S.K.: 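Please see the structure below; I have some questions.
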Amino acid sequence: MEKLSSGYALMDLGYRDYIAARFLLNKNFIVQGLTLASIAVEKYLKAVIVFNLKDRERYNYHFDRFRLLKNLLSKVNSDVTEEFDPVFLAILENAFKIRYYDKIKEPIFMGFYINQFIGELDWTVNFVENFIAKTQSGGQSISIYSKAVKNNDMDLYYNNFVLNNENKKNYMEKPDIGFSIYISIGSVVHQEKVVKGGSARNKYDGRIAEFIEPGSDYMYLQ
């Protein structure tokens with residue numbers, strides 16, 4: 001009973017962070033949205049661990065110690081993160097690190113396309129929700145996410161290729177906007193740059209594209 005209570009609590013908290021991340025990212029609040037996306041996926045992974053791990057073990061690791069989370073996931077039915085996009089996971093790891101600047105030991109750079117990132121976030125949460133439903137309740141989910149799906153919640157359905165039954169490759173190859181984040185901490189001053197690029201189309205081959213070089217139509221957001 002304790003497992004069920006703890007697991008569903010983590011799912012509910014993860015969903016709240018996820019839906020807030022979607023809102024922020026769709027409005028181009030990049031740093032804030034990335035941070036919440038990282039926290040959301042972390043909580044979902046912890047829910048998988050709590051539901052499926054046979055022996056009680058410490059699991060309160062964060063995305064900055066992702067390797068330790070993976071070690072625990074490897075002990076359950078399967079490591080669900082093996083299905084995840086490694087570029088997406090790398091962004092989530094860095095996104096956790098920028099929560100507190102005093103913890104940053106070396107410069108951090110992230111470059112990605114916003115629509116692709118949101119799409120991968122939506123796919124990942126849906127995948128984990130379905131995995132938990134299949135392993136815990138025979139495919140019947142009682143999570144907040146499943147209730148929002150049934151209620152056609154616009155905050156969840158907006159720009160969500162999974163729930164709108166769009167082809168993933170077609171969605172990922174739509175015109176997209178690149179963003180890059182660079183953060184460097186010095187002994188006296190710190191630098192934080194968020195750059196927005198122009199519109200571009202990217203080929204999708206199973207991994208989201210990295211945005212590295214802004215074109216002539218880029219702009220600094222901060």
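Just so it is clear, the model here is predicted, and its values are computed rather than measured.
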S.K.: Is it true that a side-chain atom of D85 and a backbone atom of I208 form a donor plus acceptor pair closer than 3.5 Å?
M.R.: yes
S.K.: Would you indicate whether F109, at its atom CZ, is surrounded by more than 12 heavy atoms from other residues, nucleotides or ligands within a distance under 6.0 Å?
M.R.: yes
S.K.: With side chains defined as the heavy atoms from C-beta onward, is the minimum distance between K174 and Y113 less than 4.5 Å?
M.R.: no
S.K.: Taking Y145 as the fixed residue, which of M11, K150, E129 is the one that meets the side-chain contact (heavy atoms from CB on, under 4.5 Å) rule?
M.R.: E129
S.K.: Looking only at atom types and distance, does a side-chain atom of S38 sit under 3.5 Å from a main-chain N or O of L92, one as donor and one as acceptor?
M.R.: yes
S.K.: If you count every heavy atom of other residues, nucleotides or ligands that lies below 6.0 Å from F23 atom CZ, does the total exceed 12?
M.R.: no
S.K.: Any side-chain heavy atom of Q116 within less than 4.5 Å of one from M172?
M.R.: yes
S.K.: Just wondering, do F131 and T135 contact through their side chains at under 4.5 Å, heavy atoms?
M.R.: yes
S.K.: Should N126 and D122 count as side-chain neighbours, where that means a heavy-atom distance under 4.5 Å?
M.R.: no
S.K.: Would you say the rings of F117 and F88 are close, in the sense that their centroids are separated by under 6.0 Å?
M.R.: yes
S.K.: Cut-off 3.5 Å, side chains only: do Y204 and K168 have a donor facing an acceptor?
M.R.: yes
S.K.: Any side-chain heavy-atom pair from S143 and Y15 closer than 4.5 angstrom?
M.R.: no
S.K.: Can you find a heavy atom in the side chain of N115 that is under 4.5 Å from one in the side chain of N159?
M.R.: yes
S.K.: Is it the case that one hydrophobic cluster holds both I144 and L13, taking links as side-chain heavy atoms less than 4.5 Å apart, direct or via other members?
M.R.: no
S.K.: A side-chain contact here means heavy atoms from C-beta on lying under 4.5 Å apart; do R22 and D155 qualify?
M.R.: no
S.K.: Same cluster or not: L24 versus I181, using hydrophobic residues (I, L, V, M, F, W, Y) connected whenever any side-chain heavy atoms lie under 4.5 Å apart?
M.R.: no
S.K.: Could you go through the side-chain contact (heavy atoms from CB on, under 4.5 Å) check for I177 and F211 one step at a time?
M.R.: CA-CA 9 Å; I177 302 295; F211 175 69; over 6 Å; no
S.K.: Could you tell me whether K169 and E173 have a side-chain N and a carboxylate O separated by less than 4.0 Å?
M.R.: yes
S.K.: Is L121 linked to I19 within one hydrophobic cluster, defined over Ile, Leu, Val, Met, Phe, Trp and Tyr using a side-chain heavy-atom separation of less than 4.5 Å?
M.R.: yes
S.K.: Less than 4.5 Å apart, any side-chain heavy atom of D176 and any of R201?
M.R.: no
S.K.: Are Y8 and F51 an aromatic pair, judged by ring center distance below 6.0 Å?
M.R.: yes
